[in-house]
Amino acid sequence: MSQAYSPKDIEKKWQDIWDEEKAFRAGEDYNKPKYYALVEFPYPSGQGLHVGHPRPYTALDIIARKKRLQGYNVLYPMGWDAFGLPTENYAIKNKIHPEVVTKNNVAHFKEQLKSLGYSFNWDREVNTTDPEYYKWTQWIFLKMFEKGLAYKTEMPINWCTSCKVGLANEEVVNGVCERCGNEVVRKVKSQWMLKITAYADKLLEGLEEVDYIEKVKTSQRNWIGRSVGAEVDFKIAGKEDSLKIFTTRPDTLFGATYMVISPEHPLVDKYKEEIKNWNEIIAYRETAAKKSDFERTELAKEKTGVMVDGLCAVNPVNGKEIPIWISDYVLMSYGTGAIMAVPAHDERDWDFAKKFGLPIIEVVAGGEVQEKAFTDVATGKLVNSDFLDGLEVAEAKKKIISWLEEKGIGKQKVNYKLRDWVFSRQRYWGEPIPLVKCEKCGYVPIPESELPLMLPKVDSYMPTDNGESPLAAMTDWVNTTCPCCGGKAKRETDTMPQWAGSSWYFLRYTDPHNTKEFASKEALNYWMPVDWYNGGMEHTTLHLLYSRFWHKFLYDLGLVTTKEPYQKRTSHGMILGENGEKMSKSRGNVVNPDDIVAEFGADTLRTYEMFIGAFELSAAWSKEGVKGCRRFLERVWKLQDMVDEKEEGYSKELETKMHQTIKKVSQDFESLKFNTAIAAMMSLVNEFYRLNRVTKGEFKSLLILLNPVAPHMTEEIWQIIGEKERIYQTVWPEYEEEKTIENEVEIAVQVNGKVKATIKVTLEEEQDSVKEKAMQAASVKGAVENKTIVKEIYIKGKIYNIVVK
RNA sequence: GCCGGUGUGGCGGAAUGGCAGACGCGCCAGACUCAAAAUCUGGUAAUGGCAACAUUGUACGAGUUCAAGUCUCGUCACCGGCACCA
């Protein structure tokens, strides 16, 4: 009899052996076929690992282990995205240096990950807060600065009132800070920006050539928000100036009955003297400025605005004078900050026109424009539009654009919703921006030889109330000399956002100890692109977009060899609490992976998280479900006692099922269907129990198939049954297609589409013989008797259907 | 409002247009046990019937098909994302 299954005794043992034998080291033999599997590296928070973490980690660990058994040189690395606010806040509260906090958290995380038996390449571990790492983050930033992609500008930014820090648009959720949930207001500040908009088209086009799950592609497309339209100049009546607008519906130009400009539009100031209701305008502008984004969204239903009294615009297509209004439904940050309003065919303009009694002129027939804006572009023909009359919308668009271009008053134009990336943070725990400001030379990069620009030790990590980084208080550090002219200069005191370090970490893994380059050409050439990258949906428009941008920038400099960093991107679903709600301390439904490992073992946790349901969907935790998986592993463990030592290969009675299982498990692992792969193995084990016997060959194949899911236990059994090598050194089993096919199958016999009986037939069986067998079944006979057979459908190996009348 | 996703037993969930409910949980019964737990074996969609069997059944309503959870059209509910983007 075998020993009882005791994960406690075997899991640590094998983790140590794997470490010692460097079992999962990614090799430097660049002639072997490679496979690069990547999971998003975690932020090492003080709370430690959550049961949500192991889901994606286990999934790609399975892929990595399987690929190794299939002969690939596999890179499956892990590291730490360790800069960030929670660490800094913890440091402030407890007066411990963030570096120390990070060190402790990383140690804890690493221990937890190790206890789960992942086959990470620990010798390639990276940490974004390591100066040897952020040296290259700074280096890449300087490249962007050199190429004009990093610039400083005064602009209204999203300011978190609680974190006292500027946020990127992507970090503002429903008008509140993504991190702390406090209100975000607009504040004009001088900020470093990265010109991600310069890559908008490349980021869009790149999506065509990669294998991302559809919803990720869609979200990125929506976020970039490309729209094609026209830019048109409207002359200001009696002035030299004109008002430039952007529209996606140039075809409706004849229906423009007024114009709206955003409250911040510079034209308002320019004609201050001529505006009769200046006080009213100023008052409106002030109210609009005071509104936070949150309020603006909340109040979005009701339109407000003020007419600019004293200025008029001229509609270029018909020369009519139309009034100009200001309203905060027009944003300065999109398009030109001014629109032509066509109330008949735009809902917002319609609302506005109704409220202020402005004329509504129909120019596309097909709706009741006095009742509701008619926005359909697929049906309807142009009316009241002179030379456009009778055309369909698409034709009219083309015609009017060429007309505008001919007359020199407008042209085709593409706009994006994507904004440039606010790249500075007024915080301590981030990469220092390696620039100095010289009175004479402006912003000057520090020389490459001085990288990394180390984060200096400060007395207090608290951000200052005037919104400056704590680094600003360090006069010794701040005051320096200009690398260019040698004169007096001051260092930039803002730091980079958390997204900086994670924008290129996948490149560093290919060559993590390189001191001369961020990674060698050879390493990049061999390992890139990442073959499979899995991560959370919440990073689709943040990390995933940012890192594609950095990668494409490096590609344009010839520093990386692939256009896209990630060949394939998938996303895992969340693990919810037992009550089906999101796990949180306040709900009291948090499950700690350490407890599960202690009670059931890492292999059980891994198996359970893969068996819990479809990988991409969220799933609720179930302690009973965990027990079921432990039971399955116990059943596999006890198969040791049923092994028939005499037979090596597969038994006759199970040969087909063995080949089928190998096929199913191999395919399901690749397509993220871990739950059905495990179900297939369970089913196979049930079959062994039914027969109360398993051949050695069958058992060994099962162990290898199960190894990626439950590596410790399978490794232990492998040793117990006397195998000399490790299971991780063995080879993934092959199946033969023809052996997966059963020669005798059970098919359903239907009468008028209803199942009446099942019969056993061979795959090649002819219809006559099938019919004969079918008619022997009483239920079939009964259903057919005294009726006329109209039609018979027989599909070999599938179905036999008799249609009667 | 727009975009995406989901809807199947008591529960988690399976099903290239071809026997709906694989596999697991729970539950019921049997074996083992003095007993319980653990383990093993069998059963388990609903309704009716002693039964064999019959009927119904994949959110709802139509449709295509010999055959629909799966395809088409429409409706509803829930979840997620975006949202005055001209």
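Every chain is numbered from 1, with letters handed out A, B, ... down the list of sequences. Bear in mind the structure is a predicted one, so any value in this text is a computation, not a measurement.
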Distance in angstrom units between A:Leu691 CG and B:U41 C1', rounded: 14 Å
Just wondering, more than 12 heavy atoms not from A:Lys355 lying within 6.0 Å of its NZ? yes
With a 4.0 Å cut-off on heavy atoms, is A:Glu347 in touch with a base, just the backbone sugar-phosphate, or nothing at all? nothing
Side-chain N or O of A:Arg631 less than 4.0 angstrom from OP1 or OP2 on B:U39? yes
Phosphate OP1/OP2 of B:U56 contacted by A:Lys754 side-chain N/O (<4.0 Å): yes
A:Lys756 has its side chain closest, among B:C84, B:A54, B:A20, to B:A54
Is there a donor-acceptor pair under 3.5 Å between the side chain of A:Glu744 and the backbone N or O of A:Thr762? no
Can you pull out the residues from residues 678-689 of chain A that lie within a 4.0 Å heavy-atom distance of RNA chain B? A:Ala679, A:Met682, A:Asn686, A:Tyr689
How do A:Arg690 and A:Tyr416 order along RNA chain B: which one's closest nucleotide is nearer the 5' end? A:Arg690
Decide if atom CD of A:Gln767 counts as having more than 12 heavy atoms of other residues, nucleotides or ligands within a radius under 6.0 Å. yes
For A:Gly335 and for A:Ser622, find the nucleotide of RNA chain B with the closest heavy atom, then tell me which residue's nucleotide is more 5'. A:Ser622
For B:G9, does the O4'-C1'-N9-C4 or O4'-C1'-N1-C2 angle fall within 90° of 0, making it syn, or is it anti? syn
Looking at the side chain of A:Phe246, which of B:C84, B:A54, B:A86 is the nearest nucleotide? B:A86
What is the distance from CZ of A:Arg693 to C1' of B:C40, rounded to the nearest Å? 20 Å
Proximal nucleotide (of B:A86, B:A67, B:A15) relative to the A:Lys673 side chain: B:A15
Proximal nucleotide (of B:A86, B:C19, B:A54) relative to the A:Thr758 side chain: B:C19
Has the side chain of A:Asn415 got a donor or acceptor atom that lies under 3.5 Å from a matching backbone atom of A:Ser227? no
Quick one: stems for RNA chain B, with Watson-Crick or G-U pairs under 3.5 Å, at least three in a row? B:1-7 with B:76-82, B:10-12 with B:23-25, B:26-31 with B:39-44, B:45-48 with B:53-56, B:59-63 with B:71-75
Contact state string [nucleotides 3-12 of chain B, B base, S sugar-phosphate only, - no protein heavy atom under 4.0 Å]: SS-------B
Rounded to whole Å, how long is the line connecting atom CG of A:Asn801 with atom C1' of B:C19? 12 Å
Touch class at under 4.0 angstrom, heavy-atom based, for A:Gly225 against every strand present: nothing
Separation of B:A22 C1' from A:Asp668 CG (nearest whole Å): 12 Å
At 4.0 Å (heavy atoms only), tell me whether A:Ser227 reaches a base, stays on the sugar-phosphate, or touches nothing. sugar-phosphate
I'd like the P distance from B:U58 over to B:G21, given in whole Å. 14 Å
Contact class for A:Arg635 vs. all strands (heavy atom < 4.0 Å): base, sugar-phosphate, or nothing? sugar-phosphate
Can you tell me how far C1' in B:G9 sits from the matching atom in B:A59, rounded to whole Å? 15 Å
Does this structure show an ion pair linking A:Glu687 with A:Arg690, if we count only N-O contacts that are shorter than 4.0 Å? yes
Please report the distance separating the C1' of B:G74 from the corresponding atom of B:G42, rounded so that it comes out in whole Å. 47 Å
At 4.0 Å (heavy atoms only), tell me whether A:Glu214 reaches a base, stays on the sugar-phosphate, or touches nothing. nothing
Between A:Phe374 and A:His345, how do the two ring planes meet: parallel, tilted or perpendicular, split at 30° and 60°? perpendicular
Pick base, sugar-phosphate or nothing for A:Lys638, based on heavy-atom distances below 4.0 Å to the nucleic acid. sugar-phosphate
P atoms of B:C84 and B:U8, separation to the nearest Å: 34 Å
Determine the interatomic distance between C1' on B:A45 and the same-named atom on B:A15; round to the nearest Å. 16 Å
Determine the interatomic distance between P on B:C25 and the same-named atom on B:C40; round to the nearest Å. 10 Å
A:Ser779 side chain: which of B:A54, B:A86, B:C19 is closest? B:A54
Let me know the distance between CD of A:Glu616 and C1' of B:G80, rounded to the nearest Å. 14 Å
Is the A:Phe352 to A:Tyr329 ring centre distance short of 6.0 Å? yes
Distance check, P atoms only: B:C78 and B:G69, in whole angstrom units. 26 Å
Just say parallel, tilted or perpendicular for the rings of A:Trp421 and A:Tyr546, cut-offs at 30° and 60°. parallel
Can we say A:Glu634 and A:Arg630 salt-bridge, meaning some charged N sits less than 4.0 Å from an Asp/Glu carboxylate O? yes
Please pick, from B:A14, B:A86, B:G26, the nucleotide with the shortest atom-to-atom distance to any side-chain atom of A:Thr676. B:A14
Any chance NZ of A:Lys354 has more than 12 other-residue heavy atoms, nucleotides or ligands included, within less than 6.0 Å? yes
Select one nucleotide: of B:C19, B:C66, B:A14, the one nearest the side-chain heavy atoms of A:Asn675. B:A14
Looking at A:Phe688, I'd like to know if the NZ or CZ of A:Arg693 sits under 6.0 Å from its six-membered ring centre while staying within 45 degrees of the ring's axis. no
Kindly say whether A:Ala230 contributes a backbone atom to a donor-acceptor pair with the side chain of A:Thr247 at under 3.5 angstrom? no
Considering only the C1' atoms, how many Å lie between B:U6 and B:A86, rounded to the nearest integer? 33 Å
Roughly, in whole Å, what's the span from NZ in A:Lys417 to P in B:G81? 16 Å
Length of the CG-P vector between A:Asp349 and B:G1, whole Å: 20 Å
Take atom CD1 of A:Ile802 and atom C1' of B:C19, then tell me their distance rounded to the nearest Å. 15 Å
